[in-house]
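I have placed the structure first, in the form of structure tokens, so that the comments after it can refer back to it.
Naming convention: chains lettered A, B, ... in sequence-line order (proteins, then strands); numbering from 1 in each chain.
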Number of protein chains: 2
Amino acid sequence: MSVAIKISVNVGLYLKEPQNSTLGKKILKNSIILIDKNGFEAFTFKKLAEEIHSTEASIYRYFQNKHILLLYLFNWYWEWVNYLIIFNTKNITAPSVKLKIILHSFLHAQKENPSTEFINESALHNIVISEGGKAYHTKMVDDENSKGFFSSYISLVNYVSKIIKEINPTFKYPNALASNLFEMSNNQVYFARHIPSLNEVSKKGEDVSEVEKILNYFTEILLEKRLK
Amino acid sequence: MSVAIKISVNVGLYLKEPQNSTLGKKILKNSIILIDKNGFEAFTFKKLAEEIHSTEASIYRYFQNKHILLLYLFNWYWEWVNYLIIFNTKNITAPSVKLKIILHSFLHAQKENPSTEFINESALHNIVISEGGKAYHTKMVDDENSKGFFSSYISLVNYVSKIIKEINPTFKYPNALASNLFEMSNNQVYFARHIPSLNEVSKKGEDVSEVEKILNYFTEILLEKRLK
DNA sequence: ATTTATTGATAGTAATACTATCTTTTTTTT
DNA sequence: AAAAAAAAGATAGTATTACTATCAATAAAT
């Protein structure tokens, strides 16, 4: 027996909910594997179809195109992080402790007990890190934002922003700080792995924990109480 | 009469130096216009060829592919910012003033007197903002990094890192802060323009100055002298 | 005036990003 | 268990992309 959590994603992001069928789950599972392995640019529905012994046409019945599929995966990830954060900060009252837990949860999201058999959270996290802002760095941003395709990310940022305000109500830019914490996390991990002269993270394999230290160092200084 | 500065870019980034011919300059000029207008995904050598009344084959004699062309443009931009920063901080001694000038130069790089007729710095800056980390978020990063394709960016970060150390020698992560300042600048401007709930920038059109304020606020707090 | 380098014109290929249609299989309803 | 409906598979086809190759025309350099 187990307690299953089901993450749901903006209905505009799929033509047919992939989590409700065997083929759909296979699409999710193997798209994550393939994108993680070869990168988003090299990923095609044809290759995915071959991988899962299905056809392009069948995949197109679930997702309009690979960009929408990527958005689906990002949304799933953001929702999953949202859940993790809420869960892990439950019953914690001190906002500064909450923030620390959030940063930890976010950076180690992959190590948390995977909840869903067809999603490899670790690979998905790596995609989020490696594919950077490809979810929203397109010409369709404005349209997609108006459809709510980034609302999971926005709500994540808002949640953190609220905690920042609790820690230090005089801090002027809680939203900017919150969004930067998420962006910076991924970026600095990516730099550590690929362009290491851009930061001070040395230990390979422990890059995530090192970045966590950096983020804690930054936030502690930034949010120390004092009138500005 | 005028003083021309010529920016040179890693030789691995082109097959034939575009700055040395009429066609080459047209390629640079119009690729910037097209990428800025339609986004990098929609940009193709065919469309560019049509735009400049040339042929695909001719463009391929300059650049191996559009990704390398993008890298060329990013490098040109980073070199240009490098130049601007050195120029604008000349004779300034106080490192904290230097850093302020750097942030200002970087964010307003587009408004500085354009130095080169065939490069629209403003459009190029917009590309750097909009196309985010597409220069290095690919499966070829490691290879490209080893070829020095990001060295202009790295040297920019190192320069700022040195100044950060001068301001506060006890600050633990000057490289991470420096790289984050650049990334955060672009990111926050992008958010202001497209997903405004992710930060506190309201005024459309003045987004760049608003982001400058945020960055100054962050760095001032982070680098205040005090033992940690 | 001749050689050399550069560009243009054209053609062709494999892969990508789809759309359409029809058949077979699986699932649901009765 | 039969009939209806939904999902998936098989196949074909199109326009575009991302190139490579070849040859002719033009411009620049010696």
Practice task
Would you mind reading off the distance between Lys46(A) atom NZ and dG9(D) atom P, rounded to a whole angstrom?
Solution key: 16 Å

Practice task
In whole angstrom, give the distance that lies between atom NZ of Lys25(B) and atom C1' of dT7(C).
Solution key: 16 Å

Practice task
Hey, could you give me the OG/CG distance between Ser152(A) and Leu13(A), rounded to the nearest 0.5 Å?
Solution key: 8.5 Å

Practice task
Kindly point out which of dA8(D), dT11(D), dT7(C) is positioned nearest to the side chain of Ser58(B)?
Solution key: dT7(C)

Practice task
Find the distance His53(A):NE2 to dA7(D):P and express it as a whole number of Å.
Solution key: 23 Å

Practice task
Just name whichever nucleotide pairs with dT30(C), Watson-Crick or G-U, keeping both distances under 3.5 Å, else none.
Solution key: dA1(D)

Practice task
List the steps and the verdict of ring-ring contact (aromatic ring centres under 6.0 Å, His included) for Phe191(A) and Tyr136(B).
Solution key: CA-CA 10 Å; Phe191(A) 288 156; Tyr136(B) 38 77; 5.7 Å; yes

Exercise for the section: Check the distance between dT6(C)'s P and Lys26(B)'s NZ and give it to me in whole angstrom. Expected result: 17 Å

Handout entry: Donor-acceptor pair between Glu51(B) and Asn30(B) side chains, under 3.5 angstrom
Key = no

Problem - Distance test, side-chain N/O of Tyr62(A) to OP1/OP2 of dA8(D), below 4.0 Å - result: yes

Practice task
Among dC19(D), dA9(C), dC18(C), find the nucleotide with the atom closest to the side chain of Glu56(B).
Solution key: dC19(D)

Exercise for the section: Indicate yes or no for a side-chain donor-acceptor contact from Asn75(A) to the backbone of Phe149(A) under 3.5 Å, with no hydrogens or angles considered. Expected result: yes

Problem - Whether Phe45(A) and Tyr60(A) hold their rings parallel, tilted or perpendicular, with breakpoints at 30° and 60° - result: perpendicular

Practice task
Mind checking Lys66(A) for me? I need base, sugar-phosphate or nothing, with any heavy atom below 4.0 Å counting as a touch.
Solution key: sugar-phosphate

Practice task
Could you check if a side-chain atom of Glu17(A) sits within less than 4.5 angstrom of a side-chain atom of Tyr62(A), using non-hydrogen atoms only?
Solution key: no

Exercise for the section: Let me know the distance between CD1 of Ile68(B) and P of dC19(D), rounded to the nearest Å. Expected result: 10 Å

Practice task
Using a cut-off of strictly less than 4.0 Å, decide whether Thr55(B) has a side-chain nitrogen or oxygen near OP1 or OP2 of dA9(C).
Solution key: no

Practice task
Find the distance Phe40(B):CZ to dT17(D):C1' and express it as a whole number of Å.
Solution key: 13 Å

Exercise for the section: Figure out the CD1/P separation between Ile27(A) and dG9(D), and round it to whole Å. Expected result: 9 Å

Exercise for the section: Tell me which residues in residues 10-24 of chain B put a heavy atom below 4.0 Å from DNA chain C, sorted by number, or none. Expected result: Lys16(B), Ser21(B), Leu23(B)

Problem - Side chain of Ser54(A) - closest among dA7(D), dT16(C), dG9(D) - result: dG9(D)

Exercise for the section: Provide, to the nearest angstrom, the distance between the CZ atom belonging to Arg61(B) and the C1' atom belonging to dT6(C). Expected result: 7 Å

Practice task
Remember a base hit wins even if backbone is also touched, and classify Tyr60(A) as base, sugar-phosphate or nothing at under 4.0 Å, heavy atoms.
Solution key: base

Handout entry: Donor-acceptor contact below 3.5 Å, side chain Glu200(B) vs main chain Ala176(A)
Key = yes

Practice task
Indicate, with a heavy-atom threshold strictly under 4.0 Å, whether Lys47(B) touches base, sugar-phosphate, or nothing.
Solution key: sugar-phosphate

